[in-house]
Amino acid sequence: MDRVIVDTDTASDDAIALLLASLTDRLTVEAVTIVAGNVAFDREVENAKYTLSLADAADTPVYEGARRPLVKEFEHAANVHGEGGLGGELHPETGIDSADGFGPAEIARRCRESPGEVSLLCIGPLTNVALAHAREPDLPDLVDEVWVMGGNVNCRGNVTPAAEFNCWVDPDAASRVLAEFDVTLVDWGLSLRDSHAGDDFFDRVATFDTDLADFFESATAAVRQDAPGAATDGITQPDSLTAALMAYPELRETVSTYHVAVDSRAGLTRGYTSVDVASVTDGEERTRVVEAADSETFRDVILAMLRERDPDSVVA
Ligand code: RIB
Ligand code: CA
């Protein structure tokens, strides 16, 4: 697996994930598709283009996708990521045009043209993937791997007590994708346990005199303000943890397969992820849940990327 489409609602942690996916030799980001989520859609589009330019990957095509969830209304998370989504700093416009085509159509086209060769790194609400599946019913058999940052496996949510943001924004899409695809899931609980970056981490980044270190510090500035649901004294890095686990199998310590379903009803349990760890339902056990990751090596990968643009140097 190395050809990857990154589907993202580009804000702070998405941007670090996009840097990692672009700078590792383990993955080849052949396209980026944008989905409604963290902040205003057009800002998400520009954030992706700016981030790709920082990774010397400005030629990676950015396709605009769904500007709203399939069914539900939602609110952005600008309170978490800062105005504009990258910590509050509005970087200069890149002037890069979006690629011609609709994101979901592009996902379907690329997977149809190269069966079994293209993987999806999904680090936003799953609207685009659900729409791609509606266009191409065979997509689950055509795609290689599908990695999803989403859900909260038997733990508190981060946008409501019941739900994690990506599943809450578009629970109808999340429900369909987890029912129809073989997904590898990186949830909010794992992010809290194994992706934390505390003050000691930021102290080390502050010693790096690099553009990526400066970007990391500014992009995460708002998240460090102890946003609701985030870990105090530092940040969690759900999207870059997902990208790292996809790129580096060495970081995957415990992975279990369960029946996972998402509550698409409106109201109190909207977006809740039911994870049947005790096999008490008759649901198909098809979702691979990463339950433990090598958090120290993950942090070293991010530090190596920020220090010398070479995340692979840490993993033999
Ligand atoms: O709940 C965390 C997820 O929601 C991350 O992908 C973050 O970027 C937001 O999209
Ligand atoms: Ca995201």
Side-chain angles (χ1 to χ4, degrees), residues 4-21 29 32-41 43-45 47-48 51 62 65-69 72 74-82 84-87 103 120-129 146-153 155-171 173-174 177 183-197 216 219-224 227-231 235-246 262 270-273 290 302:
V4 175
I5 297 173
V6 180
D7 189 64
T8 173
D9 58 339
T10 332
S12 54
D13 60 321
D14 302 73
I16 308 310
L18 196 48
L19 284 178
L20 179 58
V29 179
V32 174
T33 52
I34 307 298
V35 67
N38 279 318
V39 294
F41 187 87
R43 176 50 58 183
E44 292 179 354
V45 173
N47 290 346
T51 303
V62 176
R67 290 175 173 260
R68 52 155 297 108
K72 301 289 192 297
F74 82 109
E75 293 87 35
H76 295 308
N79 61 308
V80 173
H81 300 281
L86 293 181
L120 305 182
L121 172 56
C122 309
I123 51 178
L126 289 166
T127 316
N128 284 341
V129 180
V146 180
W147 283 73
V148 168
M149 191 284 131
N152 46 305
V153 176
C155 69
R156 64 180 172 89
N158 59 12
V159 66
T160 70
E164 173 278 328
F165 182 79
N166 289 336
C167 285
W168 178 85
V169 168
D170 198 338
V177 170
V183 163
T184 301
L185 190 71
V186 175
D187 81 299
W188 179 243
L190 181 71
S191 305
L192 285 171
R193 293 191 300 276
D194 289 338
S195 79
H196 183 253
F216 181 85
T220 58
V223 182
R224 284 189 81 184
I235 64 171
T236 50
Q237 306 177 84
D239 292 348
S240 45
L241 178 63
T242 306
L245 287 165
M246 182 184 199
V262 174
R270 166 179 166 173
Y272 168 70
T273 35
V290 184
I302 300 298

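Counting convention: from 1, in listed order, for ligands and their atoms alike.
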### Query
Any side-chain heavy-atom pair from Asp170 and Phe74 closer than 4.5 angstrom?
no
### Query
Please walk me through it: do Leu120 and Asp7 pass side-chain contact (heavy atoms from CB on, under 4.5 Å)?
CA-CA 7 Å; Leu120 305 182; Asp7 189 64; over 6 Å; no
### Query
Is ligand 1 under 4.0 Å from a heavy atom in the side chain of Asn158, in the backbone, in both, or in neither?
side chain
### Message
Holding to side-chain contact (heavy atoms from CB on, under 4.5 Å), I want the full list of residues that pass it with Ala174, two or more places apart in sequence or in another chain.
### Response
Leu126, Cys167, Val262
#### Entry: Arg68: side-chain contact (heavy atoms from CB on, under 4.5 Å) partners, not counting sequence neighbours
Glu73
#### Entry: Sub-4.5 Å side-chain heavy-atom contact between Thr273 and Glu164
no
### Query
Which residues satisfy the side-chain contact (heavy atoms from CB on, under 4.5 Å) test with Ala197, sequence neighbours excluded?
Phe201, Phe202, Ile235, Gln237
### Query
Trp188 to ligand 1: N or O pair under 3.5 Å?
no
### Task
Please work out whether any backbone atom (N, CA, C, O) or any side-chain heavy atom from C-beta onward of Asp14 is under 4.0 Å from ligand 1, and answer side chain, backbone, both or neither.
side chain
### Message
I'd like to check which ligand 1 atoms, numbered from 1 as shown, lie under 4.0 Å from a non-hydrogen atom of Asp239.
### Response
5 (C), 6 (O), 7 (C), 8 (O)
### Query
Which atoms from ligand 1 have a heavy atom of Ile123 less than 4.0 Å away?
6 (O), 10 (O)
### Message
Ignoring waters, how many N, O or S atoms from the protein are under 3.0 Å from the Ca ion (ligand 2)?
### Response
5
### For atom 1 (O) of ligand 1, the protein heavy atom that lies nearest, with its residue and separation
Glu164 OE2, 2.6 Å
